[in-house]
Amino acid sequence: MKRIAVFASGNGSNAENLINYFRENDLADVSLVLTDNPKAKVISRAEKLFVPHVVITPQELSNGSVLERLKKNKIDFVVLAGFLRMVPKNIVEAFKDRIINIHPALLPSYGGKGMYGINVHKAVVDAGENETGITIHYVNENYDDGDIIFQTTTDVYPDDTPEDVAEKVHALEKQYLPQITEELLEEL
Ligand code: GRF
């Protein structure tokens with residue numbers, strides 16, 4: 001059984017979806033949820049599902065103690081699902097090709113610093129795009145920059161609000177993130 005750690009800074013609906021998906025699956029389970037935000041809703045989601053969770057500080061992230069914790073918990077694979085901090089080099093290197101991020105747009109467009117949550121969907125609507133989507137990619141030391149593993153699209157209609165776009169993108173995330181994670185775990 002492979003052990004997944006999920007990093008999330010906010011709502012955590014993708015984290016919850018991953019937890020539930022892998023509960024029904026013999027390949028892996030979500031063994032640890034990490035957040036940098038003590039008020040994040042992901043904490044109560046993890047609690048409700050009896051998944052160990054921890055609040056980490058920026059110092060712990062950069063001074064090696066988060067990496068230590070991942071090792072101590074025998075984590076095989078890391079998913080960033082709405083995690084807003086940069087992951088430091090030590091973690092990226094230790095989990096080379098075993099750390100992925102989900103981004104709510106079609107990278108390389110609408111990525112980089114500040115491009116998270118509703119900001120992304122606002123930018124897509126403001127630019128008059130007629131499609132957007134999701135990108136699942138490996139994590140390197142730059143925001144939204146590692147090799148792309150998977151993308152899929154959804155239409156954006158002229159009268160769509162950023163909230164409408166967010167809803168469609170979330171539906172894609174729910175549908176594909178667990179499945180792509182599973183495929184990557186099968187190759188480990
Ligand atoms: C998702 O849209 C994900 O693509 C992005 O942050 C959002 C997190 O949503 N990286 P949630 O916290 O999983 O509900």
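For clarity, every value in this text was computed on a predicted model and none was experimentally measured. As the structure lists them, so they are numbered: ligands from 1, and atoms in each ligand from 1. In what follows, residues are counted from 1 in the order of the sequence shown.
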Original post:
Can any side-chain N or O of Asn25 pair as donor or acceptor with the backbone N or O of Leu27 at less than 3.5 Å?
Top reply: yes
**OP:** Number the atoms of ligand 1 from 1 as they appear, then name those within less than 4.0 Å of a heavy atom of Asn11, with their elements.
**Re:** 12 (O), 14 (O)
Original post:
Would one find an N or O of Gly12, backbone or side chain, under 3.5 Å from an N or O of ligand 1?
Top reply: yes
Subject >> For atom 7 (C) of ligand 1, closest protein heavy-atom neighbour >> reply: Gly82 CA, 4.2 Å
**OP:** Return the set of residues passing ring-ring contact (aromatic ring centres under 6.0 Å, His included) with Tyr176 (not counting sequence neighbours), or none when no residue passes.
**Re:** Phe150
Subject >> Partner of Tyr110 under side-chain hydrogen bond (donor to acceptor under 3.5 Å, both in side chains), chosen from His121, Glu129, His103 >> reply: Glu129
Original post:
Should Ala8 be listed as contacting ligand 1, given a heavy-atom distance under 4.0 Å as the test?
Top reply: no
**OP:** Could I get the full list of salt bridge (Lys or Arg N to Asp or Glu O under 4.0 Å) partners for Asp76, not counting sequence neighbours?
**Re:** none
**OP:** Taking only heavy atoms of Ser13 into account, list the atoms of ligand 1 that are under 4.0 Å away from them.
**Re:** 11 (P), 12 (O), 13 (O), 14 (O)
Original post:
Ignoring hydrogens and geometry, is there a side-chain-to-backbone donor-acceptor pair from Thr135 to Ala105 under 3.5 Å?
Top reply: yes
**OP:** Can you figure out which of Ile102, Val169, Asn101, Leu177 has its heavy atom closest to atom 5 (C) of ligand 1?
**Re:** Ile102
Original post:
What are the atoms of ligand 1, with element, lying closer than 4.0 Å to any heavy atom of Glu173?
Top reply: 1 (C), 2 (O), 3 (C), 4 (O)
Original post:
Does His170 have a heavy atom less than 4.0 Å from any atom of ligand 1?
Top reply: yes
Subject >> Check: Val165 main-chain N/O paired with Asp160 side-chain donor or acceptor under 3.5 Å >> reply: no
